[in-house]
Amino acid sequence: MNRARSLDLRQYWALTKPRVVALIVFTALVGMFLAVPGLPPLRETVFGLLGIWLAAASAAAINHLIDQRIDKVMVRTADRPLATGALNPSQVLAFAVCLGALSMAILIALVNPLTAGLTFASLIGYAIVYTGFLKRATPQNIVIGGIAGAAPPLLGWAAVTNMQGQWDWAHALLLVLIIFVWTPPHFWALAIFRREDYARALVPMLPVTHGVAYTRWQILFYTVLLCVVTLLPVAIGMSGLFYLGGAVVLGLAFLWYAWRLLDPPDELFAMRVFNYSVVYLMALFAFLLVDHWLMPWLTPAQAFGLERIG
Ligand code: HEM
Ligand SMILES: CC(C)=CCC/C(C)=C/CC/C(C)=C/COP(=O)(O)OP(=O)(O)O
């Protein structure tokens, strides 16, 4: 393969926002493991993850396409393939359509139509509703748009159960709720640091429209809410003590970051909060997984000498 070709591949790879999508796929995997006792079925797991990955990558490529003007103006995004001209819009559109079509074909043929439908709704929710409309319209853009990014555990759950179990909706939606409440502190921490980018690009992000001080309080509010919501898996008996320990320690650290952000030591501190948010979500979902799969016996009922119900 010559140099130009491998450079091209790298540009296409960048269109898929690989690191964001990796975490999205991991949350879908955790949804799959929590949906069933023991190991989830191999075919639905492998092709479910492949389909969700391709759909999220397609959504990310469409986001590049719709956001060309914004990406060119912002320092953080000025080196993206469309902003630099390394790829042209028709190439990006063709790539996104191919990934999206492949995703749907795999999910419909090898997983189930319900998962395909929910995944398609998430793709449209992020790529069109959030990127095309909300992002430009309201500072609540990422709160509402966060629903699409939060959906993957539900998609994973649907892939392996087809939502046949009695409590499927409640349990899967709780995982969605966790990511939904996590999204505002995740994004607004970065938006505080990048507020001049957003102001220049005329994107009404919260620190631009309502100021940095107000955004910091909003981050603290959602972080407190997140700490409460992350206790619910234990309260409803979905997760046990191993998860509880992890959630409490991770949550206390997040609270410390959000509190410290009210009076930060320097400008860069907001980026430390953002970086921690990514580590937090990755670790929280790892705790959910290990708790469910390796330590199912470590329940509050066991610890307090009560019999396990059900
Ligand atoms: C509407 C919802 C969301 C918004 C607006 C948002 C926004 C952002 C932004 C602007 C970045 C910086 C990207 C960059 O500098 O290139 C970022 C990074 C990141 N986001 Fe989000 N995000 C959202 C939801 C999610 C979700 C649902 C996940 C995963 C479950 C996620 C995982 C990540 C990760 C892992 C990074 C770090 C990427 C890297 O290191 O390159 N985000 N996010
Ligand atoms: C099918 C499915 C599961 C869809 C997943 C949706 C998805 C890829 C969510 C990612 C969230 C994200 C990176 C938002 C940033 O968008 P932005 O445009 O505000 O950030 P940017 O300025 O970095 O482009």
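Whatever order the structure lists them in is the order used to number ligands and atoms, beginning at 1.
Contact annotation for Lys135 and ligand 2: only side-chain heavy atoms (C-beta onward) come within less than 4.0 Å of the ligand. With a 4.0 Å cut-off on non-hydrogen atoms, Phe187 does not touch ligand 2 at all. Residue contacts with ligand 2, taken as heavy atom pairs separated by less than 4.0 Å, involve Ile24 solely via side-chain atoms from C-beta onward. Neither the backbone nor the side chain of Thr77 has a heavy atom within less than 4.0 Å of ligand 1.
The shortest N/O to N/O separation between Ser122 and ligand 2 does not fall below 3.5 Å. Taking any N or O of Thr119, backbone or side chain, none lies under 3.5 Å from an N or O belonging to ligand 2. Remark: ligand 2 and Thr77 share no N or O pair separated by less than 3.5 Å (distance only, no angle test).
Between the side chains of Asn63 and Tyr126, at least one donor N or O sits under 3.5 Å from an acceptor N or O. Side-chain contact annotation: Asp79 with Thr84, donor-acceptor N/O pair under 3.5 Å absent. Arg76 and Tyr198 share a donor-acceptor pair across their side chains, judged by distance under 3.5 Å alone.
With ligand atoms numbered from 1 in the order given, ligand 2 contributes 10 (C), 13 (C) to contacts under 4.0 Å with heavy atoms of Val20. Ligand 2 places these atoms under 4.0 Å from at least one heavy atom of Leu123: 1 (C). Counting atoms of ligand 1 from 1 in the listed order, those under 4.0 Å from a heavy atom of Val278 are 34 (C), 35 (C), 36 (C). Less than 4.0 angstrom separates some heavy atom of Leu23 from each of these atoms of ligand 1: 29 (C), 30 (C), 32 (C), 35 (C). Atoms of ligand 1 found under 4.0 Å from any heavy atom of Arg80 (numbered from 1 in listed order, with element): 16 (O). Close approach of ligand 1 to Tyr130 is summarised as follows: ligand atoms under 4.0 Å from at least one heavy atom of the residue are 5 (C). Interface of Leu190 with ligand 1, defined as ligand atoms under 4.0 Å from a residue heavy atom, comprises 10 (C), 12 (C). Interface atoms of ligand 2 facing Ala55, defined by a heavy-atom separation under 4.0 Å, are 1 (C). Heavy-atom contacts of Leu281 reach the following atoms of ligand 1: 30 (C) (cutoff under 4.0 Å). Residue-ligand proximity, Ile142 to ligand 1, at heavy-atom distances under 4.0 Å covers atoms 1 (C), 5 (C).
In terms of heavy-atom proximity, Asn112 sits nearest to Ala159 at ND2-O, 3.4 Å.
Residue-ligand proximity: Phe274 is placed with a non-hydrogen atom under 4.0 Å from ligand 1. Using a 4.0 angstrom heavy-atom cutoff, Ile52 does not count as in contact with ligand 2. In this structure, Asp67 counts as a contact residue of ligand 2, since one of its heavy atoms falls inside 4.0 Å of the ligand. Within the structure, ligand 2 lacks His64 among the residues with a heavy atom less than 4.0 angstrom away. Contact between Arg19 and ligand 2 is absent, with no heavy atom of the residue lying under 4.0 Å from the ligand. Residue contact annotation: Trp182 has a non-hydrogen atom under 4.0 Å from ligand 1.
A continuous path of Ile, Leu, Val, Met, Phe, Trp and Tyr side chains, each step under 4.5 Å between heavy atoms, connects Leu175 with Leu284, placing both in one hydrophobic cluster.
Of the possible polar contacts, none joining the Thr16 side chain to the Tyr12 backbone as a donor-acceptor pair under 3.5 Å is found. Thr138 contributes no side-chain N or O that, together with a main-chain N or O of Leu134, makes up a donor-acceptor pair within less than 3.5 Å. For Arg195 (side chain) and Pro207 (main-chain N/O), no donor-acceptor pair under 3.5 Å exists by modelled atom type.
When only non-hydrogen protein atoms are considered, atom 20 (O) of ligand 2 lies nearest to Lys17 NZ, 3.9 Å. Scanning all protein heavy atoms for the shortest distance to atom 3 (C) of ligand 2 gives Pro152 CG, 3.9 Å. Nearest to atom 12 (C) of ligand 2 among the protein's heavy atoms is Tyr126 OH, 3.6 Å.
Selection from Met74, Lys135, Arg76 by nearest heavy atom to atom 12 (C) of ligand 1 gives Arg76. The option from Leu155, Leu54, Asn63 that lies nearest to atom 18 (O) of ligand 2, judged by heavy atoms, is Asn63. With atom 33 (C) of ligand 1 as the reference point, the heavy atom nearest to it among Met205, Arg19, Met271, His186 is part of His186. Closest heavy-atom approach to atom 27 (C) of ligand 1 among the candidates Gly149, Gly125, Ala189: Gly149.
In this structure, the side chains of Tyr214 and Ile219 stay at 4.5 Å or more apart for every pair of heavy atoms. Under the 4.5 Å side-chain criterion, counting only non-hydrogen atoms from C-beta, Met104 is in contact with Phe120. The closest side-chain heavy-atom distance from Ile106 to Leu102 is below 4.5 Å. Residues Ile179 and Pro153 meet the side-chain proximity criterion, which asks for heavy atoms closer than 4.5 Å.
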Please walk me through it: do Arg260 and Asp263 pass salt bridge (Lys or Arg N to Asp or Glu O under 4.0 Å)?
-> CA-CA 6 Å; Arg260 193 78 183 80; Asp263 182 18; 5.1 Å; no
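Ion pairing of Asp266 with Arg272 is absent here, as no side-chain N (NZ or NE/NH1/NH2) approaches a carboxylate O to less than 4.0 Å.
A side chain to side chain contact (heavy atoms under 4.5 Å, CB included) with Leu65 is found for one member of Asp71, Leu87, Leu82 and no other, namely Leu82.
Ring orientation note: the planes of Tyr257 and Tyr276 are close to parallel, at an angle under 30° on the 30°/60° scale.
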